[in-house]
Amino acid sequence: MRRLVAAGALAVLATLAMLVGAAPAFAHAQFEGSDPADGASLATGPQTVTLTFSDTMQQGFNTITVTGPDGAQYQAAGDPKAQDTTVSIGVNPLGPAGVYQIGYRVLSDDGHPITGQIGFTLTQPGPGAGTQAAAPTAAAPTSQAPVAQAAQEDQESGGMPVWPWIVGAIVLVAAGVVVAMRLGRSS
C-alpha cells in the first residue's frame, strides 16, 4: 500500500511541477497605463508619450506613433527609449484640435511583442504641422516570404500554445497511475 501511495504522490508532484513550469508561458507583459492617459483631454500637447507595462521592456525594436486627426504623425524622430517597465518617445508640437491616436508595438523582456492603440483629445489647436506618413510600399515576392510570414505570425500569437503542456500532464498522470497499479499488484 505504501508503494501505491508513493507512486500516486510522485505522479501528483510531477504534474504540479509541469504546470508550475508552464506558468511563465502564461505570464506575458501587459499594458498598464500611459501618460497622457487613454481618453484624456488636454489643452496643450504632451512633450513626451510614456507607456507603462507589467514587465521590463527591451531596448530596440520598439515603435510608437502619434497620429493626429489630420492623419499626420507627430512623434519625434528617433527610437523610443525603454527603461524598466516604461517605453517613451518625444512628441513634436501637435497641430489641429481633435483625437490623437498613439499606436505602439513594443518588445517585452521575455521576447513577446505587445501591440495596441490608445487615444487622447487635444482641445486647443497647437502650432505643429506634423509629417504625413509614407504610403506603404509593396515588397517584391521572394521564396522566403511565406517562411518569414509564418515566423511573424508565430511570434505575434503570444508564444507556445498551452495544449502540449496539457497533453504532457495527462500522459504523466496516466503513467503514474499505471506504475501505481503495477506496484500495488506486486505487494
Side-chain angles (χ1 to χ4, degrees), residues 22-141 144-163:
F26 299 127
H28 296 304
Q30 306 228 348
F31 175 78
E32 290 190 336
S34 63
D35 182 19
D38 188 22
S41 291
L42 308 173
T44 59
Q47 294 181 353
T48 304
V49 166
T50 302
L51 306 174
T52 304
F53 299 89
S54 63
D55 195 7
T56 303
M57 305 308 290
Q58 287 189 24
Q59 186 67 36
F61 307 109
N62 298 322
T63 303
I64 298 176
T65 58
V66 180
T67 306
D70 56 352
Q73 293 192 356
Y74 293 88
Q75 73 276 359
D79 294 328
K81 304 292 182 226
Q83 182 176 355
D84 296 324
T85 60
T86 63
V87 181
S88 60
I89 194 165
V91 178
N92 293 324
L94 299 182
V99 176
Y100 284 74
Q101 296 295 321
I102 301 169
Y104 60 90
R105 185 177 193 283
V106 295
L107 195 60
S108 68
D109 201 34
D110 66 1
H112 289 91
I114 305 165
T115 60
Q117 186 171 340
I118 59 171
F120 66 91
T121 302
L122 184 64
T123 59
Q124 302 292 320
T131 58
Q132 292 300 322
T137 58
Q144 293 182 353
V147 173
Q149 182 179 0
Q152 181 180 1
E153 288 172 1
D154 182 48
Q155 190 177 30
E156 292 176 352
S157 72
M160 183 176 174
V162 176
W163 69 265

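For the numbers below, each heavy atom of this structure counts, side chains included, while hydrogens, waters and symmetry mates do not.
- The shortest heavy-atom contact between Gly98 and Pro69 is CA-CG, 4.0 Å.
- Nearest approach of Ser54 to His28, heavy atoms of both residues: OG-O, 4.2 Å.
- Using cut-offs of 30° and 60° for the angle between ring planes, the Phe53 and Phe31 rings count as perpendicular.
- A search for side-chain hydrogen bond (donor to acceptor under 3.5 Å, both in side chains) contacts involving Gln101 returns Gln117, not counting sequence neighbours.
- To the nearest 0.5 Å, the span separating OG1 on Thr52 from CD on Gln30 amounts to 14.0 Å.
- Minimum interatomic distance between Ala76 and Ile89 (heavy atoms only, all atoms of both residues): O-CD1, 3.8 Å.
- Residue pairs that meet the ring pair (Phe, Tyr, Trp, His ring centres under 6.0 Å) test with at least one member in residues 73-96, sequence neighbours left out, are Tyr74-Tyr100.
- Within 6.0 Å of the CD atom in Gln59, the count of heavy atoms belonging to other residues, nucleotides or ligands exceeds 12.
- Counting heavy atoms from C-beta on, the side chains of Leu51 and Ser34 come closer than 4.5 Å.
- In this structure, CD in Gln75 is found 6.5 Å from OG1 in Thr131, a value given to the nearest 0.5 Å.
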For residues 36-48, which side-chain donor-acceptor pairs fall under 3.5 Å, sequence neighbours excluded?
unit_1 : atom_1 : unit_2 : atom_2 : d
Asp38  : OD1    : Gly119 : N      : 2.9

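- For Thr86, the side-chain hydrogen bond (donor to acceptor under 3.5 Å, both in side chains) test picks out no residue, with sequence neighbours left out.
- The side-chain contact (heavy atoms from CB on, under 4.5 Å) with Tyr104 is formed by just one residue from the set Val87, Thr115, Ile114; it is Ile114.
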Could you go through residues 60-68 and list every donor-acceptor pair under 3.5 Å that involves a side-chain atom there, pairing it with any protein atom two or more places apart or in another chain?
unit_1 : atom_1 : unit_2 : atom_2 : d
Asn62  : OD1    : Leu107 : N      : 2.8
Asn62  : ND2    : Gln58  : O      : 2.7

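- Of all heavy-atom pairs between Leu122 and Gln124, the closest is CG-O, 3.2 Å.
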